[in-house]
Number of protein chains: 2
Amino acid sequence: MERYINEGQPVGSRSLSRDAGLNLSPATIRNVMADLEDLGLITSPHTSAGRMPTASGYRLFIDTLLTVKPLQQDVIQQLRDDLDCLGSPGELLETASRLLSEVTHMAGIVTLPKRETNVFSHIEFLPLSDRRLLVILISSQQEIHNKIIHTPRDFTHSELQAAANFLNQRYAGNDIARVREALLREVKETRERLSQEVIDAAALTELALEAPKKRRKPVFVTGETNLMDFSELANMEQFRSLFETLHQKEEMAHLLDRCIESPGVKIYIGEESGHRALGQCSLVTSAYSINDRVAGVLGVIGPTRMEYERVIPLVDLTAKLVGAALNHKSLPPI
Amino acid sequence: MERYINEGQPVGSRSLSRDAGLNLSPATIRNVMADLEDLGLITSPHTSAGRMPTASGYRLFIDTLLTVKPLQQDVIQQLRDDLDCLGSPGELLETASRLLSEVTHMAGIVTLPKRETNVFSHIEFLPLSDRRLLVILISSQQEIHNKIIHTPRDFTHSELQAAANFLNQRYAGNDIARVREALLREVKETRERLSQEVIDAAALTELALEAPKKRRKPVFVTGETNLMDFSELANMEQFRSLFETLHQKEEMAHLLDRCIESPGVKIYIGEESGHRALGQCSLVTSAYSINDRVAGVLGVIGPTRMEYERVIPLVDLTAKLVGAALNHKSLPPI
DNA sequence: TCCGGCGCTCTCCGCCCTAGAGTGCCAATT
DNA sequence: AATTGGCACTCTAGGGCGGAGAGCGCCGGA
């Protein structure tokens, strides 16, 4: 395994006997290799070539034989520095992806924090002109959404102020989706008794809270070009489909969502990911958590033949640092 | 030229005589080709191959022989629909880039509007916690900037309100850079006579206006993978350097800035762009204008051998539509 | 359980050869 | 003067061939 991961060429009995320091003759190694082949752990591309690991070979290797190497101090420091304190979660995660790809010389991939648990924290309305309105919505995840909405009529500055105050006082701290529901229900039930203010606020908020789901880009991929360095991926056709797969954000989001159940590092080898184009690739991921709840996933995509013992701790640490950075700055209510 | 652009193979006298409908024998064509080669307009990759255009050949062709084809109605409609009314200029331009790449099956590239002419329109401060402050800055270009700044001390809600009011009343409509300068000057000159409010507002604004320049990503590139379809670019090494060049945003920004002087379509052929990696590529660009002032550039990157007669009108129209969309929605003061 | 040896099988690489397309030049024709 | 046909030459792409190198399976022996 180690040899193949380093060289990328099928490994033969003779050269292994010579270089691996096992003090075994080629013949012995051949016998063992034949057994391993029967077990489906290794395979040879053609009759008289050396052996290379199969997917299950990798699986066994990673699950039972691998001992991870501790990260180098300077890498740890770089991660800490760069992931310390950045503006939005989006920027933070983009940085994380970039770091992953730079350190591993492979591709980094991240999903943004899940929106489900998004808590309404503060809203602000600014009138523009022509029945248009700038809505600024702050969620507890440090996220700031700007949105321009078209309103059925013009509102005065003070009307908007009043609506914002109403919403902020009444609903801060609740889940955004719930706020919407509650507002709808309340208006429906007690329409006649409500002041125009409340009804207007409801209409506005309805518009304001509606869209942010579909706007978000769920996935960042970085450093795809690094993958061109790997000889086993180096033909155009394969590469093209790989790139296209990587850029199908929704597909990738699905794939990564499958890693989200529990924290800790997960590894998909080759077609375990369910994508043809990733047949020669592995995906090393880890979920990151905010407030002890799994929020998103980040990881590395590279050739199956990658240095897992280095990549695994790196992904692990990055996920932890991202989690910490996001945790630390969840916003107290305004 | 037409033949080479279609086929991508050097064109020989014999096949040209056969297929081009010129009623000339190969020998005649050879003679003419020899002349053209002496003029430096065509060249052959090796002794007994056909001829292909040089950069100056393309230049001459584009400048004097080319007749553009009108765009197909459905393309025009698609552009109009998709570029009609989108949120921020950033989104609009990203869409433009995507459209360019989809329609041409090449790569689209855009720069965001220049920030220089950015007019201060409205500012708002929201206190977060821990001496942190959310600044919402609206410029006349419909752009909304969010920024979190760390302040030297905590401010109360009403202090912030006062500061914002001061700034909005006093400086709305001025260039952002000028606002900064004016504020600095004023505070310096008349420090003792100013209320604490003004000084605080100055400090805040100083912080608030400082960063947005460097945060922006100056360039979007879309559809790079489309370029993999072109056989003349289809080797890994070349491709890699092409991709890397395309992703060096600053480099690309520089390159595109050179097209910004005047509106209208500009074309860079091969190494005219000054980039080795773009030797096999052409860049078709057009500047777009907001309020009759050139604001940014958009265009298409593809193989030198591209269908200029289709690409040119497409880039032209896209630039005009983007300009119109941005123009239309410059914000009146709040 | 390990090893040495033997015959066999692949791939890779360099070499040669041929077919095909194109060239340059020259003399002949219109 | 423009055009053409003819001829010898050149270069590439692609197929076939053969040797070198690496590896394999199997078998008999320690």
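We name chains A, B, ... by the order of the sequence lines, and we start the count at 1 in each one. Any value given below was found using the heavy atoms of this structure, including those in side chains, with hydrogens, waters and symmetry copies removed.
Rounded to a whole Å, the CG atom of N23(A) is 12 Å from the C1' atom of dC2(C). Between the P atom of dT23(C) and the CG atom of L36(B) lies a distance of 12 Å, rounded to the nearest Å. Distance CZ (R3(B)) to P (dA21(C)): 12 Å, rounded to an integer number of Å. Rounded to a whole Å, the CG atom of L22(B) is 15 Å from the C1' atom of dA2(D). With rounding to whole Å, Q9(A) atom CD is found 10 Å from dG23(D) atom P. One interatomic measurement links the two molecules: CD1 of I29(A) to P of dC2(C), which rounds to 11 Å at whole-angstrom precision. When the C1' atom of dC3(C) is taken as reference, atom CZ of R14(A) falls 15 Å away, rounded to whole Å.
Under the 6.0 Å cut-off for aromatic ring centres, F243(B) and F243(A) qualify, their centroids lying closer than that.
Comment: R240(B) engages E244(B) in a salt bridge, judged by a side-chain N to carboxylate O separation of less than 4.0 angstrom.
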Could you give the side-chain donor-acceptor pairs of residues 15-24 of chain B under 3.5 Å, partners two or more places apart or in another chain?
residue: S15(B); atom: OG; partner: R3(B); partner atom: NH2; Å: 3.4
residue: S15(B); atom: OG; partner: G12(B); partner atom: O; Å: 3.3
residue: S17(B); atom: OG; partner: L24(B); partner atom: O; Å: 2.8
residue: D19(B); atom: OD2; partner: R3(B); partner atom: NH1; Å: 3.2

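At the heavy-atom level, T47(A) lies under 4.0 Å from the strands shown only through sugar-phosphate atoms. Among the atoms of the strands shown, none is found under 4.0 Å from any heavy atom of S44(A).
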**Request:** At under 4.0 Å between heavy atoms, which parts of nucleotides 24-30 of chain C does protein reach? Answer with one letter per nucleotide, 5' to 3': B base, S sugar-phosphate only, - none.
**Result:** BB-----

**Prompt:** Nucleotide by nucleotide, 5' to 3', does protein get under 4.0 Å of the base (B), only the sugar-phosphate (S), or neither (-) in nucleotides 11-20 of chain C, counting heavy atoms?
**Reply:** S---------

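With values rounded to the nearest 0.5 angstrom, S273(B) atom OG is found 4.0 Å from L278(B) atom CG. Here CD1 of I62(B) is found 7.0 Å from CG of L66(B). Values are rounded to the nearest 0.5 Å.
Of all the heavy atoms in Y4(A) and P53(A), the pair that sits closest is CD2-CD, 3.5 Å. A pairwise comparison of heavy atoms in Q78(A) and V103(A) identifies OE1-CG2, 4.2 Å as the closest pair.
Using five terminal pairs a side, the axes of the helix from dT1(C)-dA30(D) to dT30(C)-dA1(D) at its two ends make an angle of 20°, given in steps of 10 degrees.
Between T28(B) and the phosphate of dT4(D), there is a side-chain N or O to OP1/OP2 separation shorter than 4.0 Å. For the OP1/OP2 pair of dG22(C) and a distance below 4.0 Å, the side-chain nitrogens and oxygens of S15(B) include at least one atom meeting the criterion.
Here the side chains of M306(B) and T104(B) are not in contact, with every heavy-atom distance at 4.5 Å or above. Between M252(B) and L246(B), some side-chain heavy-atom pair lies under the 4.5 Å cut-off.
For Q280(A), there are no side-chain hydrogen bond (donor to acceptor under 3.5 Å, both in side chains) partners at least two apart in sequence or on another chain. Partners of E272(B) by side chain to side chain contact (heavy atoms under 4.5 Å, CB included), not counting sequence neighbours, listed by chain and number: R59(B), Y268(B), I269(B).
Side-chain N or O atoms of T54(B) include one that pairs as donor or acceptor with a backbone N or O of L41(B) at under 3.5 Å.
Nearest-nucleotide mapping onto DNA chain D: of L24(B) and G50(A), the residue sitting toward the 5' end is L24(B).
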